[in-house]
Amino acid sequence: MKRSTTLTTLALASALALAGCGTSGEETAGEAPETTTSAAAGTRSTDTATATPSTSAQAVTEEHNDADTMFAQMMIPHHEQAVQMSEVMLAKDDLDPDIEALANKIVAAQGPEIDQLKTMLETWGEPTSMESGGMEGMDHGSDSGAGMEGMMTEEQMQELEAAEGTEAAEMYLTMMTAHHRGAIDMAQEEVAEGQNPQAIEMAQKVIEDQEAEIQEMERLLQQIQG
C-alpha cells in the first residue's frame, strides 16, 4: 500500500513538472511577437525621423527681389557643372583618395542645394532657368561667361574627361578653384543685394563652404606640383 501511494505521488509530480514546462514554453513563445513588434516600431520610428528634415522646404518665404531670382537661376547651372566635373573625376581609375574625397564632398553638398534653389524659384513663382536672351548664352559651352563667372567651356570639359592621372587631378583642382571663385562672387552679390532670407542664408553658406574648399584644393595642388 505504501509503495502504491509512493508511485502515485511520483506520477503526480511528473505530471506537474511536464505541465510547468509546457506553460513556460508557451510563455516564451508568446514573448517573441512582442520583440518583433518592438523592432518594427523602432523601424517605423527611424523612418519617420529620417523623413522629418524634408519639411525644411516649407520654410521658404515668398518675399524676394530680382537679385534673389537671378542668384537662384544662375547658381543652378553653376552647381550642376561642378557636380558634372566631380562625377567625371570619380569615374576615373586610380583616383587619388584626397581628390576622391573632395569630389564626393562637392557632389554631396551641391546636389541638394540645386534642389533647394529650384524649390525657392517654384515658391516665388519664377522659372527655374533664365528666359531667352539670358541664360541661353551662358550654358556649359559658353566662352563668354558673362554673368556666370567660373563656368568651364565645353572644350575644357572635354579636356577634363580625356585627361588621366596627375594631369587630370591638376586640371580638376585648377578648374574647380576658378569655378568656386565664380560661385563666391555670385553669392557675395546675393548677400549684398538679395531680399529673401533663405536665399541669403544659402549664399552665405556657399561663401563659407567654397572658400574652405579652395584652401583645400590649393593645398592639394601644391602637393601634386611638388
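Reckoned from all heavy atoms, side chains included, excluding hydrogens, waters and symmetry mates. All residue numbers in this chain count up from 1 along the given sequence.
The nearest pair of heavy atoms linking Ala183 to Gln210 is CB-OE1, 3.3 Å. Contact between Val191 and Ala203 at its shortest, heavy atoms only, is CG2-CB, 3.8 Å. Of all non-hydrogen atoms in Ala199 and Asp68, the two that sit nearest each other are CB-OD1, 3.9 Å. The two atoms that bring Ala82 and Gln110 nearest to each other are CB-OE1, 3.2 Å, heavy atoms only.
A donor-acceptor contact shorter than 3.5 Å is absent between the side chain of Gln188 and the backbone of Ile207. Between the Lys92 side chain and the Ala163 main chain, a donor and an acceptor come within less than 3.5 Å of each other.
The environment of CD in Glu218 is crowded: more than 12 heavy-atom neighbours from other residues, nucleotides or ligands sit within 6.0 Å. Remark: Asp185 CG is packed, more than 12 non-hydrogen atoms of other residues, nucleotides or ligands lying under 6.0 Å away.
In this structure Gln223 satisfies the side chain to side chain contact (heavy atoms under 4.5 Å, CB included) test together with Asp98, Arg219, Leu220, sequence neighbours excluded. Residues passing the side chain to side chain contact (heavy atoms under 4.5 Å, CB included) test with Gln198, sequence neighbours excluded: Val60, Thr61, Met120, Asn196. Taking Ala67 as the reference, Asn65, Glu190, Glu193 meet the side chain to side chain contact (heavy atoms under 4.5 Å, CB included) condition, with sequence neighbours excluded. Applying the ring pair (Phe, Tyr, Trp, His ring centres under 6.0 Å) test to His180 and every residue at least two apart in sequence or in another chain returns nothing. Residues satisfying the side chain to side chain contact (heavy atoms under 4.5 Å, CB included) test with Pro112, not counting sequence neighbours, are Gln116.
Ring geometry, His64 versus Trp124: the interplanar angle falls under 30°, so the pair is classed parallel (tilted spans 30 to 60°).
By the 4.5 Å heavy-atom criterion applied to side chains, Glu149 and Ile184 are not counted as neighbours. Contact of the Ile76 side chain with the Leu121 side chain is registered, since non-hydrogen atoms from C-beta on lie closer than 4.5 Å. Looking only at side-chain heavy atoms (C-beta outward), Met175 and Glu159 stay at 4.5 Å or farther from each other. Between His78 and His179, the closest side-chain pair of non-hydrogen atoms falls below 4.5 Å. Residues Thr128 and Leu117 are not in side-chain contact: their nearest non-hydrogen atoms beyond the backbone lie 4.5 Å or more apart.
Within the model, atoms CD of Gln81 and OG1 of Thr153 stand 8.5 Å from one another, a figure rounded to the nearest 0.5 Å. Here the CZ-CD distance, from Arg181 to Glu211, works out to 10.5 Å after rounding to the nearest 0.5 Å. Annotation: the span from Met171 atom CE to Leu173 atom CG amounts to 11.0 Å, rounded to 0.5 Å. Atom-to-atom distance recorded for Gln204:CD and Glu208:CD is 9.0 Å, nearest 0.5 angstrom. With values rounded to the nearest 0.5 angstrom, Ile214 atom CD1 is found 12.5 Å from Leu221 atom CG. The line from OG1 of Thr69 to CD of Gln195 is 10.0 Å long, rounded to the nearest 0.5 Å.
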Derivation of the side chain to side chain contact (heavy atoms under 4.5 Å, CB included) call for Glu113 and Val206: CA-CA 9 Å; Glu113 286 180 352; Val206 167; 4.0 Å; yes
Step-by-step side chain to side chain contact (heavy atoms under 4.5 Å, CB included) determination, Met85 to Gln156: CA-CA 10 Å; Met85 292 164 63; Gln156 287 174 311; over 6 Å; no
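The side-chain hydrogen bond (donor to acceptor under 3.5 Å, both in side chains) contacts involving residues 162-176 comprise Ser86-Tyr172, Glu170-Gln225, where partners must be two or more places apart or lie in separate chains.
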